[in-house]
Amino acid sequence: MNKKNLLTAVGMAGVFAVSGAFLPGTPGNSLVGASVAEAGFGLGDIGGAVKGEAKKAVAKAFHVDLDGMQDKRQNMMLNLYRAAVCYGYASANVQQALGLGDGGAKAKAAIKQAASSKTNLGSITSVVDSSKVDPKLVEEAAKKLLDSGDAAKIQQANGLLQTAKTQRKAANIYKILAARDAVSIVKDAGTAMAKGGDSIQDKMDIIKDLSSVAKNAESLTKVIGAQHKGMSRALKTYEKKQNINDVSDEQAKKEASSWTEG
């Protein structure tokens with residue numbers, strides 16, 4: 001049904017409905033039904049046509065802010081990079097302080113490589129993977145160091161572990177920011193694909209790519225969060241006994257710039 005016929009149908013339906021209200025009993029209702037039928041449409045057809053036209057109008061007017069979504073993606077990836085690098089350095093310092101693994105050499109090498117491509121998801125993932133340390137080994141090594149009573153080694157380790165605690169806090173701050181943008185991008189992309197209709201077909205590939213990258217980034221923030229939680233739990237007793245305390249969010253972000261902006 002074209003728009004002209006649609007408007008005519010709606011107008012006639014209104015006239016018949018009003019007329020029928022003044023006709024007593026069944027004859028009036030029959031007259032409305034017969035008149036509408038003679039006009040070539042039913043009330044159900046009108047409702048469906050109205051909804052169809054409204055849906056087309058919404059799709060036609062729908063605007064996808066691709067620039068805004070691209071900006072969010074850029075911020076998301078930079079914050080994800082910062083989170084991965086801060087946690088990578090924290091892991092390296094913990095390994096060095098407690099004599100674990102390769103002393104953090106693998107994590108530092110991955111960080112160095114990622115610095116040349118800060119928004120590359122593959123490079124960031126490599127940093128995260130290279131920074132993994134078994135929390136149980138960390139807890140055991142920290143206890144062993146405490147039990148050793150070696151003041152010189154403990155003092156040296158404390159300096160590294162204090163820095164690592166600040167780095168873990170910075171990693172958690174940037175992880176939260178990256179996750180926020182990732183969730184927002186996925187939501188915006190989903191809305192666009194659901195409501196955009198024909199108006200976004202030429203942008204569909206870009207929207208799907210943005211959504212896919214955001215979902216992968218969100219998954220990576222969960223990995224970083226889990227590693228942060230595991231290491232914090234493993235070092236809790238040692239840090240408490242050695243008075244290794246948290247710094248403020250502002251201080252953590254200030255110090256993080258020297259690790260992530262180089």
Side-chain angles (χ1 to χ4, degrees), residues 75-112 114-115 118 121-143 145 157-183 214-261:
N75 289 331
M76 174 189 73
M77 295 306 295
L78 285 174
N79 284 323
L80 186 62
Y81 167 80
R82 291 167 182 143
V85 167
C86 287
Y87 187 80
Y89 277 127
S91 175
N93 280 327
V94 168
Q95 291 180 66
Q96 185 178 344
L98 301 178
L100 294 172
D102 59 6
K106 186 178 179 182
K108 288 180 179 178
I111 290 170
K112 184 176 180 180
K118 295 181 180 180
L121 189 61
S123 297
I124 297 171
T125 301
S126 180
V127 173
V128 175
D129 289 342
S130 300
S131 305
K132 292 179 180 178
V133 183
D134 187 340
K136 185 176 181 180
L137 294 179
V138 172
E139 187 173 7
E140 290 174 351
K143 185 178 184 303
L145 179 58
N158 286 357
L160 291 168
L161 293 175
Q162 177 64 70
T163 300
K165 190 173 182 70
T166 301
Q167 289 165 333
R168 294 201 319 272
K169 179 153 194 173
N172 197 51
I173 291 171
Y174 290 120
K175 179 262 301 182
I176 291 171
L177 293 174
R180 178 199 65 188
D181 284 335
V183 169
K215 287 177 181 177
N216 288 331
E218 185 182 9
S219 295
L220 207 53
T221 64
K222 292 178 180 179
V223 174
I224 295 172
Q227 291 185 24
H228 166 73
K229 185 177 182 180
M231 187 170 289
S232 295
R233 187 165 49 237
L235 290 169
K236 183 176 180 179
T237 299
Y238 184 97
E239 290 174 343
K240 184 175 181 179
K241 289 184 177 181
Q242 293 299 311
N243 294 315
I244 297 175
N245 300 312
D246 244 337
V247 298
S248 67
D249 288 1
E250 291 73 21
Q251 184 64 27
K253 287 190 288 185
K254 182 179 179 181
E255 293 190 33
S257 63
S258 66
W259 309 316
T260 63
E261 306 304 326

Can you tell me how far CZ of Arg180 sits from CG of Asn79, rounded to the nearest 0.5 angstrom? 7.5 Å
For Lys143, enumerate each residue passing the side chain to side chain donor-acceptor pair (under 3.5 Å) test, keeping only those at least two apart in sequence or located in another chain. Asp147
Among pairs that include at least one residue of residues 81-98, which meet salt bridge (charged side-chain N to carboxylate O under 4.0 Å, His left out), considering only residues two or more places apart or in two chains? Arg82-Glu261
All side chain to side chain donor-acceptor pair (under 3.5 Å) counterparts of Ser123, not counting sequence neighbours: Asn120
Test: salt bridge (charged side-chain N to carboxylate O under 4.0 Å, His left out). Region: residues 121-136. Which pairs qualify, not counting sequence neighbours? Asp129-Lys132
Enumerate the salt bridge (charged side-chain N to carboxylate O under 4.0 Å, His left out) contacts for residues 83-92, please, sequence neighbours excluded, ordered by first and then second residue. none
In Å and rounded to the nearest 0.5 Å, what is the OG1 to CG distance from Thr221 to Asn216? 11.0 Å
Show me the side-chain donor-acceptor pairs of residues 90-110 shorter than 3.5 Å, one per line, residues at least two apart or across chains.
from, atom 1, to, atom 2, distance (Å)
Ser91, OG, Gln95, NE2, 3.0
Ser91, OG, Ser131, O, 2.7
Asn93, ND2, Tyr89, O, 3.3
Asn93, ND2, Gln167, OE1, 2.9
Gln95, NE2, Ser91, O, 3.4
Asp102, OD1, Gly104, N, 3.0
Asp102, OD1, Ala105, N, 3.2
Asp102, OD2, Lys106, N, 3.1

Looking at side-chain heavy atoms only, is the closest gap between Tyr238 and Ile244 below 4.5 Å? yes
Looking at every non-hydrogen atom in both residues, tell me the closest pair between Leu80 and Ala217 and how far apart they are. CD2-CB, 3.9 Å
Going by side-chain contact (heavy atoms from CB on, under 4.5 Å), name the residues that satisfy it together with Ile176, two or more places apart in sequence or in a different chain. Asn172
For the residue pair Thr237 and Glu139, establish whether any side-chain heavy-atom pair is separated by less than 4.5 Å. no
Please report the interatomic distance NZ(Lys253) to SG(Cys86), rounded to the nearest 0.5 Å. 12.0 Å
Where Ala83 and Ile224 come nearest, the two heavy atoms and their spacing: CB-CD1, 4.1 Å
Closest approach of Tyr81 to Ala114 (non-hydrogen atoms, all atoms of both residues): CE1-O, 3.8 Å
side-chain contact (heavy atoms from CB on, under 4.5 Å) partners of Lys229, counting only residues at least two apart: Arg233
Quick one: salt bridge (charged side-chain N to carboxylate O under 4.0 Å, His left out) pairs with a partner in residues 164-178, sequence neighbours left out? Lys165-Glu239, Arg168-Glu239, Lys169-Asp249
Give me the atom names and distance for the closest heavy-atom approach of Trp259 to Ala252. CZ3-O, 4.4 Å
Of all the heavy-atom pairs spanning Ala84 and Ile124, show the shortest one and how long it is. CB-CG2, 3.7 Å
Non-neighbouring partners of Glu140 that pass side chain to side chain donor-acceptor pair (under 3.5 Å), sequence neighbours left out: none
Between Lys118 and Val85, is any pair of side-chain heavy atoms under 4.5 Å apart? no
